[in-house]
Each structure stands twice: as C-alpha cells, then as structure tokens.
There are 2 protein chains.
Amino acid sequence: MENKRELFQILTRRFVLLNKNCCTAEGIEISTVHSHIIYEIEKQHSPTMQQIADTLAIDVTTFSRQIQTLIKMQLVSKSPSLDDKRFFNLSLTAEGQKLAQSIETSMNAYLDEIFSHMNEFEQETVLRSIKLLNSAMAKSSVCCTPYL
Amino acid sequence: MENKRELFQILTRRFVLLNKNCCTAEGIEISTVHSHIIYEIEKQHSPTMQQIADTLAIDVTTFSRQIQTLIKMQLVSKSPSLDDKRFFNLSLTAEGQKLAQSIETSMNAYLDEIFSHMNEFEQETVLRSIKLLNSAMAKSSVCCTPYL
DNA sequence: GCTATATACTTGCATTTTACAAATAAAAGA
DNA sequence: TCTTTTATTTGTAAAATGCAAGTATATAGC
C-alpha cells in the first residue's frame with residue numbers, strides 16, 4: 001500500500017538528525033558513530049573489538065582506530081583477555097559511563113518530547129510497530145542483519 | 001513506556017544498513033549520502049543547491065563538493081537560474097534518472113521483502129505508525145526538522 | 001614439539017568526507 | 001552608487017574510511 005519508500009526515506013533522515021543532535025553531553029562532543037560504540041559497549045558484557053565492529057557493521061580496521069580515539073578521550077578502556085590474548089575486552093571508563101548515562105537521558109528526553117505529540121493510544125501503537133518492524137528486519141534475508 | 005531508546009537504536013542501525021546495501025545499481029556504486037541527494041533532486045522540482053542542502057541538513061560547502069562529484073559522474077546537472085544568477089538549479093541527467101529508478105526499484109523490493117515477514121494487519125499498522133512518527137517528529141521542537 | 005593455518009587486532013597508505021573561514025559573484029537596499 | 005545580503009565555491013586542515021600487509025597469539029596436523 002502506497003509510498004513506503006518515501007516514508008522510510010523521511011524517517012531515516014530524521015533519525016540521522018536525531019542522532020546528530022544527541023551526542024553532546026558532559027561538555028564532551030562525540031560523533032554519532034562514537035555514541036553507537038559507547039552504547040553498544042555498555043550494553044554488551046565486556047565485548048571484544050570484533051563483536052562491536054560486527055554489531056555495528058563497521059570495518060574492523062576503522063573500528064580499531066575509533067577505539068583508539070575513544071581510549072585517548074578516556075571514555076573507553078581495553079584489556080587483553082586472560083584466556084586468549086588475541087582478544088581485547090572493551091569497557092567504559094567511569095567517565096565513559098557518565099557520558100553514556102548523559103546521552104541516554106537526553107535521548108530519552110528527545111524521544112519523550114517526540115512522543116508527546118501523540119496520544120496514549122498512538123504511542124502504544126507506534127512502539128508496538130517499531131518492535132514489529134525490528135523483528136521483520138531481523139528475519140529479512142536481504143538486509144539489515146549484522147549481529148544483533 | 002519501556003525501552004524506547006533501545007528500540008530506536010536498533011531501528012536506526014538497521015536503517016543505516018538498509019541504506020548501505022541499497023546503493024549499487026546500474027553498475028554504479030554511490031554512497032548513502034549521494035543516494036539521498038539524488039532521491040531529493042528527483043523529488044523536488046529543479047531545486048537549488050541550498051534547498052537540497054537544507055533538506056538533507058548537510059553543510060553547504062560539503063554539499064557543493066558532493067554535487068561536483070555527482071556532476072563528474074554524469075548523474076546530476078546544474079544550470080544557473082535565469083532570473084537570479086546566484087542560484088543554480090539541479091536536475092538529474094538521463095543516467096541519473098535511470099539510477100534513481102533502479103535504486104527505487106531495489107529499495108521497494110527490500111521493503112517488500114521486509115514487510116513480507118508481517119501479516120496484512122501488521123503491515124498496515126506499521127505503515128500508519130511510521131506516518132504518525134514522522135509527523136510527531138515534524139512537530140517536535142527538539143530535533144529532526146530540517147526543511148521537510 | 002614444530003610447522004602450517006587460522007584468528008584478532010593494528011598499521012601503512014591513499015582516498016574520501018567533512019567543515020570552518022575566506023573568497024567570489026550576483027541581487028537588493030539605501 | 002555604495003553597502004549589505006544571499007548563493008555558491010575554494011583553501012585548507014582535520015577526521016573517517018577501507019584495502020593490503022603486518023604482528024601476535026592460538027589451534028591443528030604431523
């Protein structure tokens with residue numbers, strides 16, 4: 001039914017913007033990519049480099065450098081795994097956690113503000129739909145499934 | 001209610017991937033940004049540089065160079081406006097149109113495939129929800145509204 | 001145990017993308 | 001006409017990207 005692509009194009013663009021806006025907090029400004037990395041490191045339990053790179057579908061070499069930057073910024077730390085020294089486990093520093101928390105708070109505020117323009121019923125519907133869409137995309141063979 | 005942010009984070013990531021996948025067609029490979037530019041030039045009626053840059057919330061100077069690239073690739077053409085020579089009107093070349101069409105087709109195929117994992121009712125609900133979300137974001141004061 | 005192969009990650013480039021500041025060029029206003 | 005505004009481009013410098021090749025550790029076959 002009707003113009004799916006247009007709806008998605010606009011939605012995608014708005015998401016990009018939302019993510020651009022999101023990432024200044026605690027006096028630190030980080031890029032969208034960095035914020036996704038931080039989000040994912042916090043979510044996963046001491047993940048390895050490869051894991052996060054895969055999750056975010058970023059080239060590992062690029063990712064390696066991004067982590068270096070985040071380490072320099074003292075937001076992330078990296079320690080070799082004990083049982084297999086090829087692996088490095090990533091975690092957030094205290095500062096990184098604070099930043100993550102801060103971004104989380106402001107993102108939630110943004111989302112709440114956006115949702116405030118809908119009534120209760122619409123809000124529920126939208127959330128349910130996003131879940132549906134996420135799992136449809138997860139099932140999709142053509143796209144969109146890194147390692148989520 | 002419940003974890004909005006996570007849902008959006010995952011959805012955003014999937015969109016990014018979907019857009020990454022989309023953009024090879026007619027033997028030409030273009031970036032996500034370029035595909036958005038082409039999409040928008042086709043949609044708007046001989047828009048100016050500024051208009052597209054604003055729509056996509058891209059810095060104009062960056063945009064200027066992106067257009068130069070697309071012109072070199074013979075996908076876009078640019079001609080000074082007759083009544084005000086400061087403006088340039090953008091349009092797609094025949095090749096550009098073919099590419100746009102091709103991307104449109106494959107994006108629709110992707111979306112259809114994704115939607116095929118839902119039943120009729122769910123599909124309707126999801127589309128309606130995306131519309132709701134789009135217009136909620138449009139109303140939002142905190143983010144996401146370039147010049148759509 | 002030793003060599004070959006695989007895996008996790010990093011570095012060397014070379015290209016592309018980005019964005020601020022300053023320049024150009026055309027219109028509008030005083 | 002002179003000044004200001006608007007649309008676009010260029011200078012430059014930083015950051016992001018990705019392929020190819022490198023290092024280091026683990027595993028497998030003998």
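Labels below follow one simple rule: chain letters A, B, ... track the order of the sequence lines, proteins then strands, and each chain is numbered from 1.
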>> Has B:Ser140 got a side-chain atom pairing as donor or acceptor with B:Ala136's backbone, closer than 3.5 angstrom?
In response: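 Flag not set: sc B:Ser140 to bb B:Ala136 has no pair under 3.5 Å.
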
> In terms of hydrophobic clusters joined by side-chain contacts under 4.5 Å, are B:Phe15 and B:Leu7 together?
Replying inline: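 Hydrophobic grouping puts B:Phe15 with B:Leu7.
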
>> Same cluster or not: A:Val60 versus A:Leu90, using hydrophobic residues (I, L, V, M, F, W, Y) connected whenever any side-chain heavy atoms lie under 4.5 Å apart?
In response: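 A:Val60 does not cluster with A:Leu90.
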
For [X], enumerate each residue passing the side-chain contact (heavy atoms from CB on, under 4.5 Å) test, keeping only those at least two apart in sequence or located in another chain.
X	value
A:Lys43	A:Tyr39, A:Glu40, B:Glu6, B:Ile10
B:Ser81	B:Asp83, B:Phe87, B:Asn89
B:Thr69	B:His34, B:Met73
B:Thr62	B:Ile58, B:Asp59, B:Gln66

Which whole-number value in Å describes the distance from [X] [atom1] to [N] [atom2]?
X	N	atom1	atom2	result
B:Arg65	C:dC20	CZ	P	12 Å
A:Gln51	C:dA8	CD	P	10 Å
B:Asp59	C:dT17	CG	C1'	11 Å
A:Ile58	C:dC9	CD1	P	14 Å

> How does each nucleotide of nucleotides 24-30 of chain C score, in 5' to 3' order, for protein heavy atoms under 4.0 Å: base (B), sugar-phosphate only (S), or none (-)?
Replying inline: --BS---

Shorter than 3.5 Å, N or O on both sides, protein versus nucleotides 1-5 of chain C: list them out with atom names.
none

> On DNA chain D, which is the earliest and which the latest nucleotide, 5' to 3', with an atom closer than 4.0 Å to a heavy atom of chain A?
Replying inline: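 The contact span of chain A on DNA chain D goes from D:dT17 to D:dA26.
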
Would you compute the distance between atom [atom1] of [X] and atom [atom2] of [Y] and round it to the nearest 0.5 angstrom?
X	Y	atom1	atom2	value
B:Thr125	A:Arg128	OG1	CZ	6.5 Å
A:Gln51	A:Ser46	CD	OG	8.5 Å
B:Ser116	B:Glu113	OG	CD	4.5 Å

>> I want to check one thing: is the phosphate of C:dT17, taken as OP1 and OP2, less than 4.0 Å away from some side-chain N or O of B:Thr62?
In response: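 Looking at the OP1 and OP2 atoms of C:dT17, neither is under 4.0 Å from any side-chain N or O of B:Thr62.
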
What pairs of donor and acceptor atoms, side-chain ones from residues 91-98 of chain B against any protein atom, are under 3.5 angstrom apart with sequence neighbours left out?
residue : atom : partner : partner atom : Å
B:Ser91 : OG   : B:Ser77 : OG           : 3.2
B:Thr93 : OG1  : B:Gln74 : O            : 2.6
B:Thr93 : OG1  : B:Leu75 : O            : 3.2
B:Thr93 : OG1  : B:Glu95 : N            : 3.4
B:Thr93 : OG1  : B:Gly96 : N            : 2.9

Show the nearest heavy-atom pair for residues [X] and [Y], with the distance to one decimal.
X	Y	value
B:Met49	B:Phe63	O-CE2, 3.4 Å
A:Ala100	A:Glu42	CB-OE1, 3.6 Å
A:Arg14	B:Ala138	NH2-CB, 3.5 Å

> Axis-to-axis angle across the helix from C:dG1-D:dC30 to C:dA30-D:dT1, five pairs an end, to 10 degrees?
Replying inline: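 The angle, to the nearest 10 degrees, is 10°.
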
> Within the structure shown, what part of the strands sits under 4.0 Å from A:Phe63 by heavy-atom distance: base, sugar-phosphate, or nothing?
Replying inline: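 No contact.
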
>> Counting only heavy atoms and a strict 4.0 angstrom limit, can you tell me which residues of residues 66-77 of chain A come near DNA chain C?
In response: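 A:Gln68, in order of number.
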
> Counting only distance, no hydrogens or angles, is the base of C:dC9 paired donor-acceptor with the side chain of A:Thr61 under 3.5 Å?
Replying inline: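 Result: no qualifying N/O pair found.
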
> Which pairs pass salt bridge (Lys or Arg N to Asp or Glu O under 4.0 Å) with one or both residues in residues 100-110 of chain A, sequence neighbours excluded?
Replying inline: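 As it turns out, the salt bridge (Lys or Arg N to Asp or Glu O under 4.0 Å) pairs with a partner in residues 100-110 of chain A, which skip direct neighbours, are A:Glu104-B:Arg5.
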
>> Which residues pass the side chain to side chain donor-acceptor pair (under 3.5 Å) test with A:Arg65, not counting sequence neighbours?
In response: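 In terms of side chain to side chain donor-acceptor pair (under 3.5 Å), with neighbours along the sequence ignored, A:Arg65 is linked to no residue.
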
